[in-house]
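Take a look at the structure below.
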Amino acid sequence: MDKVYKHQNVEKKWYSLWEKNGYFTPQENSKVRPFTIIMPPPNANGSLHIGHAMFLTLEDLMTRYHRMQGIPSLWLPGADHAGILTQVVFERKLEKEEGKSRYDLGREEFFRRCMEFTLSNKKTMENQMRAVGASCDWERERFTLDPKFNIPIYTTFVNLFNDNLIYRAERMINWCPRCATALSDLEVIYREQKDPLYYLKYGPFVLATVRPETKFGDTAVAVHPNDKRYKKFIGQEIEFETLLGRAKMKVIADTAVDMKFGTGAVKVTPAHDPLDFEMGQRHHLEIRQVIGYDGRLNEKAGKYKGMKVKEARKVVAEDLQKLGLLEKIDENYIHSVSICERCKTIVEPMVSLQWFVKTKPLAQKAIAAVKKGDIKIIPKRFEKNYFIWMENIRDWCISRQLWWGHRLPVWYCGTSSLSPLQLSMNPDLKKMKNNGCGEIIVDVKTPSSCPKCGNKELIQDPDTLDTWFSSGQWPYTTLGWKQNDEKSSRDFNYFYPTSVMETGYEILFFWVARMIMLGFYSTGKIPFTTVYLHGLVRDAFGEKMSKSKGNVINPIDIIGKYGADSLRMSLVYGTSTGSDVKLSEGKIQAMRNFSNKLWNIGRFIRMNMDFFLQKNVEIPKNVPVKNLNSDDKRILLDLESLQKKVTRNLDSYQFAKAAESLYEFIWHELADKYIESSKTRLRENDRIALGILRHTYLESLKLLHPFMPFITEEIRSKIQEEEKNPLIISKWPNI
RNA sequence: GGACGCUUAGCUCAGCUGGUUAGAGCGUUGCGUUUACAUCGCAAAUGUCGGGGGUUCGAAUCCCUCAGCGUCCACCA
């Protein structure tokens, strides 16, 4: 054995041995309830980052622990096509490397290239997951955009539609002009910034707005019904000067108006503001769209047509000033603007015909499942977040004008049913002659003809589904729901509902909440019984890791330098559930040192075993029961309490505590104390000392194996030749 | 605006249901190489446990309050 542990020589060797021997594939046993984790599928548009290493470590740890307990344990790996994110990443790459846009390639070619890109990333990531030591069942590996998932995903869509839980409607949505798609509320983030607040003269009123460029879409002025200042105007029509000549506008009263803000009177632009849209609905106001989907003003803005929003804002304000219609500007107004989560472009609220999931009825059951305790969220404090969000949930816009994703299972008979947006974005469809009756067909299978008029030339909705609509069904689609083959239904019946959903707290709403809603809806069962949430991995100073800050710790580099075991241990040790983890190279080094300590204990034992062999002293295979001295008794007692502690901690998801106890025991009890005190005894060929030492060490290796699988496997093979089974399938101590 | 979390040694954090001199790792300082390991061992130093108030025989630990930091949610023109 080398003086220093060299992970480079051992990690690959053990991984391929485990994989080749099929240890990752559970042996089904109808008498035992399995342990199942569905891996949160990493987005296949880059390579493995430290966040992935985090969940891989935790999930592997749980899987290995249960596997060693003799429970059929399935950890099902996968990859996510990650709709909008991958499209954005790939579009950037295309622009950078070839100077092309997606429109240059055309839809089919773009999809094909994007698939090529995704599959190649996916392959890289799979090997990187192997390097971390992930003992997942590759035979059951899944990919969200695999065509075989079309049927289950479409089935859910069709069922929801038939139950009136999916509907198509013209609603206010978030529009990203850069990505050219609608976004759900969750895909929008807010950024605080300072913008001028303009006070505009509207006849007898002065109105405050940050968006003078939308004034061409104004269809009313609103005041609070109790506002004494404006009471006399309510219900009247005022006439006043504008940039495009004289205009008339109704004055409405609505309680949504805050009397204390600005002048207490507000311009109402139903087409471009969510609050105004709602007011518009209540007062039956015209929705006058003045900003196009390209982020530019349209013909309704007269001479300002074609200007981008930002430019128009400036010019309009200047022109208003010239005409004396601008009373004042508050330059220090701070408010939050909504931006696209993926490309950081400012999002335009727009009224658009899209598809929505009616979430309230789905949320009720999902809330109840957690309230009743059928699903447990760890740490518990996140339950409150979950409840608050679920109780205030809004309908979910699931149609995207992207090319990368699942097409909607919706067909139109003729072009008349397509939305104006879809027609403008798809020139081919616009060119088509409208030769249908307008029927809308929602079906799992592509319909051959219109059931109403028999037309055979149906048009599939060009939109794609929100990526979370498919990943929200991940726990049951991966296990073969609606796959109609024997193995799939066996898997579904045996492994579903799954045991633990382990993921980052940042996707509790995006993903976990939707899985609970859709899982319940589609299968009538909860998708998992426990949700375990881990924190974000940050740098040593608590800063978020990012390429621009240069503080990124790349797990693959770390594995090359210190080994996967050190990385894994450093992601578990000294952390607390659901809290962010601070990681530094120093911490990883500390764990590498621990690996080396562990290695040298093994080396010390091996060395003594060799001395015994040379001297023809029999090496004890079992723990001697007689003639134990106080050191022996003490270490055995400590070992027993360690076994209990680690088991208890793992059962209660206290992984850090388990790791810390192991570290403490192995280094400071076994190495520092027991080994030191046994040295003289070993020199005198004391078989008891070697027997206890070896036994204690081998038992510790078992307990440590889920945390540090490679080194434990390697050392055990060196000091326990008589055992043919590797540690990965060894028996966890019965306590 | 609402919710949640954090504030304990130079740094990163344990201290759960209140009870002897407040702990660990890293770092610092001193000493050390006998059958493993210098990626090591032994030893030492360092804290009015964010401020204030309360409950209690007793509080880092429970309650109230203030402050700072962080995160999430929300349609503040």
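Proteins get letters first, then strands, A, B, ... in listed order; numbering begins at 1 in each.
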Item to complete: Give A/Arg681 one of three labels, base, sugar-phosphate or nothing, depending on what nucleic acid heavy atoms sit under 4.0 Å from its own.
Response: nothing

Fill in: Between P of B/rA74 and CG of A/Leu186, the distance in whole Å
7 Å

Fill in: Integer-rounded Å distance: B/rC13 C1' and A/Arg538 CZ
16 Å

Discussion item. Using whole Å, what does the distance between atom C1' of nucleotide B/rC37 and atom CG of A/Leu693 come to?
Written reply: 14 Å

Practice prompt. Have a look at A/Ala671 and say if it touches a base, only the backbone sugar-phosphate, or nothing, with a 4.0 Å heavy-atom cut-off.
Written response: base

Item to complete: Ignoring hydrogens and angles, state whether a donor on the side chain of A/Lys267 or A/Thr214 is under 3.5 Å from an acceptor on the partner side chain.
Response: yes

Practice prompt. Give a yes/no on whether any side-chain N or O of A/Tyr190 is located under 4.0 angstrom from OP1 or OP2 of B/rC75.
Written response: yes

Discussion item. I'd like the P distance from B/rC49 over to B/rC40, given in whole Å.
Written reply: 33 Å

Discussion item. Pairing check on B/rG18: which nucleotide meets the Watson-Crick or G-U wobble criteria with it, both distances under 3.5 Å?
Written reply: none

Worksheet item: If you measure from the P atom in B/rG27 to the same atom in B/rC64, how many Å do you get, rounded?
Response: 41 Å

Worksheet item: Starting at NZ of A/Lys587 and ending at P of B/rA24, how long is that distance when rounded to a whole Å?
Response: 18 Å

Worksheet entry | Atom pair distance, as rounded to whole Å: CG in A/Asp672 and C1' in B/rA38 | 14 Å

Item to complete: Identify the nucleotide, in any strand shown, that forms a Watson-Crick or G-U wobble pair with B/rA74, with both distances under 3.5 Å; if there is none, say none.
Response: none

Practice prompt. Before accepting this row, confirm whether a basic side-chain N of the pair A/Arg634/A/Asp638 lies closer than 4.0 Å to the acidic partner's carboxylate O.
Written response: yes

Worksheet item: Quick one: the side chain of A/Glu664 and the base of B/rA14, do they pair up donor-acceptor inside 3.5 Å?
Response: no

Worksheet item: When the P atoms of B/rG47 and B/rA24 are considered, how many whole Å apart are they?
Response: 15 Å

Discussion item. Assess whether a salt bridge exists between A/Glu391 and A/Lys371, defined as any Lys/Arg side-chain N lying under 4.0 Å from an Asp/Glu carboxylate O.
Written reply: yes

Worksheet item: What class does the angle between the rings of A/Phe382 and A/Tyr505 fall in, given that below 30° is parallel, 30 to 60° is tilted and above 60° is perpendicular?
Response: parallel

Worksheet item: Over how many whole Å does the gap from A/Trp511 atom CH2 to B/rC72 atom C1' extend?
Response: 19 Å

Item to complete: Go through the N and O atoms of the side chain of A/Lys597 and the base of B/rC37, and report whether any donor-acceptor pair is under 3.5 Å.
Response: yes

Practice prompt. Can you spot which of A/His272, A/Lys310, A/Arg313 makes a side-chain hydrogen bond (donor to acceptor under 3.5 Å, both in side chains) with A/Glu213?
Written response: A/Arg313

Discussion item. Once hydrogens and angles are ignored, does a donor-acceptor distance under 3.5 Å link the base of B/rA38 to the side chain of A/Lys3?
Written reply: no

Worksheet item: Rounded to whole angstroms, how far apart are CD on A/Glu676 and P on B/rG32?
Response: 18 Å

Practice prompt. Can you tell me, in whole Å, how much space there is between the P of B/rC16 and that of B/rC57?
Written response: 22 Å

Worksheet entry | Residue matched to B/rC49 through Watson-Crick or wobble contacts both under 3.5 angstrom | none

Discussion item. Tell me the interatomic distance from A/Glu278, atom CD, to B/rC76, atom P, rounded to whole angstroms.
Written reply: 11 Å

